[in-house]
Structure formats: C-alpha cells, structure tokens
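See below for the structure under consideration.
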Amino acid sequence: MRYDDRLKTVLKGAFPEGAAAALQWRQVADLMAQKPGQLVNDDVQSGLTRLRDLHDRVKEEDRVAAVKALDGRLRSAPLLVYLCADNDPICDAAINAADLTDEEWIDVIPQLSLRGQETLKTRSELRPLSRQLLHTDMSELVLDNDNDNVSEDVIAKTLEPETEQASQISALVAKIADYQKKRSTDTPIQDLEHRSYFVEAIDAINFETDDSGTIIWAEGPPKGAIVGVTIAEPTFDDGPGPDAYGAAAFRQRMPLENARMRLCGAAIVAGDWRMSAIPYFGEETGRFKGYRGVMRRPNAAEDAGHNDLDVERREQLQQLIHELRTPLNAIIGFSEIIEQQLFGPASFEYRSLSRSITDEARRLLTGFEDIDIAAKIDAGQMESVSGLTEPDWLLERLAQRLQSLTDSKSVDLHINKAEPVRPFALDSESVERIFARLLSAAIIACENGEELHADLRTQIGGLPVNYFSLSRPSRIRGISEEQLLDPSQGIDGDSSEAPLLGLGFSLRLVRNLAKSANGTLTISEDTIGLTLPAAATSEIGLRETEIE
C-alpha cells in the first residue's frame, strides 16, 4: 500500500519568505486541488491554514497565476470556497479552474461569494439543477406579510424539479427558506444583488474548532475567510491568532472570556476581535473535542487598533522607564561605593545616608519595573516561559531576597511545604517574580513583630497545580477583595514601607502575572491563595498522594 504524504512533507518545511513563499503557496494549492478525496479533514485544515498564513507574503499576481495553472484540476470544494473569499481576480480564476460534480456544486454555491456566483453563471457546462439554483432570483421570492417568512409555494414554483433528484431540491428549498428566515427584514429585497462579502461589515462570528484548535465551522463570514484559523497558538508578527491568554486557556482547556483575536485576509473579517468560548467534550467518551464560541468586534474602549494613541503612549512610557533606570543605576553604584568605602574612608553619617539613598533608589527601580510589567501584560506581550522550577530552590531564593524586609519589620514568615511538592511548570524567573511581589506586599502589610503562616502543596488531577496559601496580614483583615484590588488602595503607616504604587496595584499585578502563567490569585476572608501550574509528571513515585 502506498501513502501519498506530499502535502504533509511540504507543510513540515520551514515557513518561507520571498519567492519561496510563492512557490509553497502554489505547491499547497496544487496538491489540495488535485487530491481532495485522498486528503483527510486534518490535511485540509492544515493546507488551508498554510495558504492563509502565506497570503500576505505572496503577491496577488503570483496567486492568480497559481490558480490559473489549476485549470480543470481544481476538485476541492473547501479550497474553492477559500479562494472565492480572496480578491476578485483570484475568485474568477478559481471558478474557471473548478471541476466539481453537480452534487458538489449544489452544496458549494450557497457558500460562494456573490462575485463567485456571478462568475459561475458564465460557465455553460453546468448541469440543470446547479444552474437552476445559481439563476434563482432572490428578488422574485415573496415575503409573507403576516410572518415575514418566505412563501414556500413561491420557492417551490421557482425551483420546480426537472430531474429525478427531488430530495436534493427539497433540501435546497429548505436551505433557502432558512436563509430568508435568518435575514433581517430591514434589508430591502431589491438591495440583495448589491450585497458583497468583501465590503459588508460583520459584528459577530459563531465558530467551532476541532481538538487541535483549528476552526472547522463558522457562521457569519464566508467559510474560506475563517476556516483553518487556529486559536491554539498565539499570533506572531502580523499573522492571525489569539493573544497569549487565549492560547494558554486553550492549552489548559479553560473557558475563554474576551480574549484578543486577530483575523487576516478578506476585508470582511480582517482586524481585531474579542473571543469568548468554552470547551466541549464527547457525551459518551468524555474526550475533549474542541471549542465553541463567538467572536465580536471590540467596542471603542477595547479596540487596540482604534487607540493608536494608547499604543504610542505605552511605547513612550516604556522608553521613559528605560531612561530613568540609567541614572538610578548610576546613583545606586556611587552610593554603594561610598557605603563600602571603596575610594577611601567615609564617616558613619555619610555611609548611613548612602545606604538610605541606595534603598530608595532600589525601591524606585522596583516600582518602574512593576509599571513596565503591567504595560506589557496590558499589551499582551507578557508570556511566561515553560520550564521546571524546584520548590526548594524557590524557597531558598525567597528567603535571601526578603531577608532585609522581614528584618526591618521583625516579621516571621513560616512556610510549610507539604511533601511531596512537584516542580512548578514555569521558568524560575516567572515563578520568583510572582512569589516575591506577593510576599513583599504581604510583609509590608504586617504590623511590626507579626507572624505570617503559609502552606505550599501540590493538588493532583488532570491538570496538577501547586497551591500556595498565605494568612492575611493584620492590616488588611476585614477588607473586601474588591477594595484590596483597587489600585488606589494603600497601607496605613509609614509611607516609606508601602509599595511605591500602592498595595492594590501590587496585588492586581500579582493576579495578572498569575493569569498570564495560567494560574490564579484568590482572596478569601482569612487567606490569600495562589495557584500555578505544576509539572505533569514527577519522579516522586509512590510517595505521591492526591490532595483533595
């Protein structure tokens, strides 16, 4: 038995640029066009995805030439629908190159753009049933004034069967009736001919993906404009795809809520969207099957493309932070020189003053870094790197990093590690950043001489997590979660102790950092809880027990 894996071989190659991109676009289109029956659904989706990703890298004239070369050999209905969603010259070339059966045309015609349908009318070899569907004048269909539905008698007359394929005609009548029922009655019938999939605005798209995250069904735009897009991988450069949050939620099989999504290609869908979706599972097997959801156009407050000024201000802010870091680092360096008397003896007063300057400069640097991180999270530029971080290493690092703060406050921090604890499934920098900011804010919120108690344990399940529970410091007990997360929320007492940007800002930053790492921050009446992904496998072996 021979297996034709040429399409898979082409798709395995590196993502091409320049002339190589045009060559691969032609190869993929050619392979998909000629062997539709030998391509399984995954191959079709992979091929359409690659054509979409290469779209902006291949000139229109090259795409037109590649489609014209398929003359009489374009036998893939999904590929034809996709090509008809492109610009007019490519749509015309695809229709002229198509070689479909009458049954396939009946199924494809309702999915074609109006441009594609008009071009198809010029082909004389279509069979009667396809031509009857194609030449059905929607303006002749009459609306029932009582219920605004299409008169099925009129439809039946218009499509009176001339062949023995009566069941196909019945199905076609039902399709048209259903189409008319869904249409807004505000759109005049006489304007139907002027509708264009390339200029009409769409505010919402219902969609469904397979278990790999590839969109396999959509309601709203032409199928070829969105089928094949993936929600599993974050977008790069100017390509289509979700933000880091959306991709991370897919990996964790978690619901998506207002994730950013970018679509490319046809003008009807190109631009930024907000995506909400939930996973669905097989009823009998419980196996994950994909996501179902809706995309909507962002409102003015959400539209990142609409607020170019916000992007410019964010970039200016990051540049300002960079420029402020340079003199602060210089101040810290000179202060340390005086404190350590590297250039000669210095009095106790000078050394004490230098130590204070160093502490304040480092506090400012920490605040600037927090602002920079918050701006990156807001822009979707903050994504944790996968890796493994050992809990013992983390606790030792935190002890070193927080020692001066706990000493100045005389706070005793007791962390109980419930064995066995799996490694964190994140890089060490991300884990240390989250824990250090949470514990620093908690210690600052303590009274002098207070004790803090914490537990670290692994919760095992389909998606194991490490759960960190911290007792609430005395000065923030009895305060609601909403108040604590308010950016204006501060801490009573010495202002030099408080976080530079306030306790509320610090806690919100920790929550957003945890979210970007596929974790959560929860605040209950007595505790603050932090969950982060744990390693899926462990060499702890039989000592490992499930913690409910």
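We count residues from 1, following the sequence as given. None of these values were measured; they are calculated from a predicted model.
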Any side-chain heavy atom of [X] within less than 4.5 Å of one from [Y]?
{"X": "R274", "Y": "M261", "value": "no"}
{"X": "P78", "Y": "V44", "value": "yes"}
{"X": "L470", "Y": "L439", "value": "yes"}
{"X": "L394", "Y": "S428", "value": "no"}
{"X": "L507", "Y": "L438", "value": "yes"}
{"X": "I216", "Y": "T209", "value": "no"}
{"X": "F207", "Y": "E219", "value": "no"}
{"X": "L456", "Y": "N416", "value": "no"}

Identify, with sequence neighbours excluded, every residue that meets salt bridge (charged side-chain N to carboxylate O under 4.0 Å, His left out) alongside [X].
{"X": "R351", "result": "none"}
{"X": "E450", "result": "R477"}
{"X": "D392", "result": "K417"}

Atom [atom1] of [X] with >12 non-hydrogen neighbours under 6.0 angstrom:
{"X": "E447", "atom1": "CD", "result": "yes"}
{"X": "I278", "atom1": "CD1", "result": "no"}
{"X": "Q340", "atom1": "CD", "result": "yes"}
{"X": "E396", "atom1": "CD", "result": "no"}

Check whether any side-chain N or O of [X] sits under 3.5 Å from a backbone N or O of [Y] as a donor-acceptor pair, and report yes or no.
{"X": "Y82", "Y": "I226", "answer": "no"}
{"X": "S516", "Y": "L513", "answer": "yes"}
{"X": "R475", "Y": "C446", "answer": "yes"}
{"X": "T458", "Y": "I460", "answer": "no"}
{"X": "R472", "Y": "I476", "answer": "yes"}
{"X": "D243", "Y": "A259", "answer": "no"}
{"X": "D407", "Y": "S410", "answer": "no"}
{"X": "R422", "Y": "R457", "answer": "no"}
{"X": "T406", "Y": "Q403", "answer": "yes"}

Exercise for the section: Decide yes or no on side-chain contact (heavy atoms from CB on, under 4.5 Å) for L521 and I528, but give the supporting numbers first. Expected result: CA-CA 7 Å; L521 179 73; I528 299 174; 3.7 Å; yes

Nearest 0.5 Å, please: how far is [atom2] in [Y] from [atom1] in [X]?
{"X": "Y350", "Y": "Q341", "atom1": "OH", "atom2": "CD", "answer": "13.0 Å"}
{"X": "L395", "Y": "E390", "atom1": "CG", "atom2": "CD", "answer": "11.0 Å"}
{"X": "L256", "Y": "I231", "atom1": "CG", "atom2": "CD1", "answer": "6.0 Å"}
{"X": "R433", "Y": "L426", "atom1": "CZ", "atom2": "CG", "answer": "10.5 Å"}
{"X": "E208", "Y": "W217", "atom1": "CD", "atom2": "CH2", "answer": "7.0 Å"}
{"X": "R262", "Y": "W273", "atom1": "CZ", "atom2": "CH2", "answer": "14.5 Å"}

Problem - salt bridge (Lys or Arg N to Asp or Glu O under 4.0 Å) contacts in which one or both residues fall within residues 331-348, not counting sequence neighbours - result: E336-R362, E339-R355

Exercise for the section: Just grab all the salt bridge (Lys or Arg N to Asp or Glu O under 4.0 Å) pairs involving residues 518-532, residues at least two apart or on different chains. Expected result: none

Handout entry: Check against side-chain contact (heavy atoms from CB on, under 4.5 Å), L532 and V465
Key = CA-CA 6 Å; L532 291 174; V465 297; over 6 Å; no

Minimum heavy-atom distance between [X] and [Y], given as atom pair plus value:
{"X": "A249", "Y": "P255", "answer": "CB-O, 4.2 Å"}
{"X": "A535", "Y": "P464", "answer": "O-CG, 3.6 Å"}
{"X": "L388", "Y": "P423", "answer": "CD2-CB, 4.2 Å"}
{"X": "A218", "Y": "I205", "answer": "CB-CG2, 4.3 Å"}
{"X": "R50", "Y": "V28", "answer": "CG-CG2, 4.3 Å"}
{"X": "C264", "Y": "P240", "answer": "SG-N, 3.6 Å"}

Are a donor atom and an acceptor atom from the side chains of [X] and [Y] found within less than 3.5 Å of each other?
{"X": "R296", "Y": "N258", "value": "yes"}
{"X": "T214", "Y": "S212", "value": "yes"}
{"X": "S46", "Y": "T49", "value": "no"}
{"X": "T527", "Y": "S471", "value": "no"}

Exercise for the section: Please list all pairs passing the ring pair (Phe, Tyr, Trp, His ring centres under 6.0 Å) test where one or both residues lie in residues 425-453, with sequence neighbours left out. Expected result: H414-H453, F424-F435, F435-F468

Practice task
Measure from NZ or CZ of R287 to the centre of the six-membered ring of F281, then state whether that distance is under 6.0 Å and the direction lies within 45° of the axis.
Solution key: no

Problem - Steps toward side-chain contact (heavy atoms from CB on, under 4.5 Å) verdict (Q24, L54) - result: CA-CA 8 Å; Q24 187 174 104; L54 291 172; 3.7 Å; yes

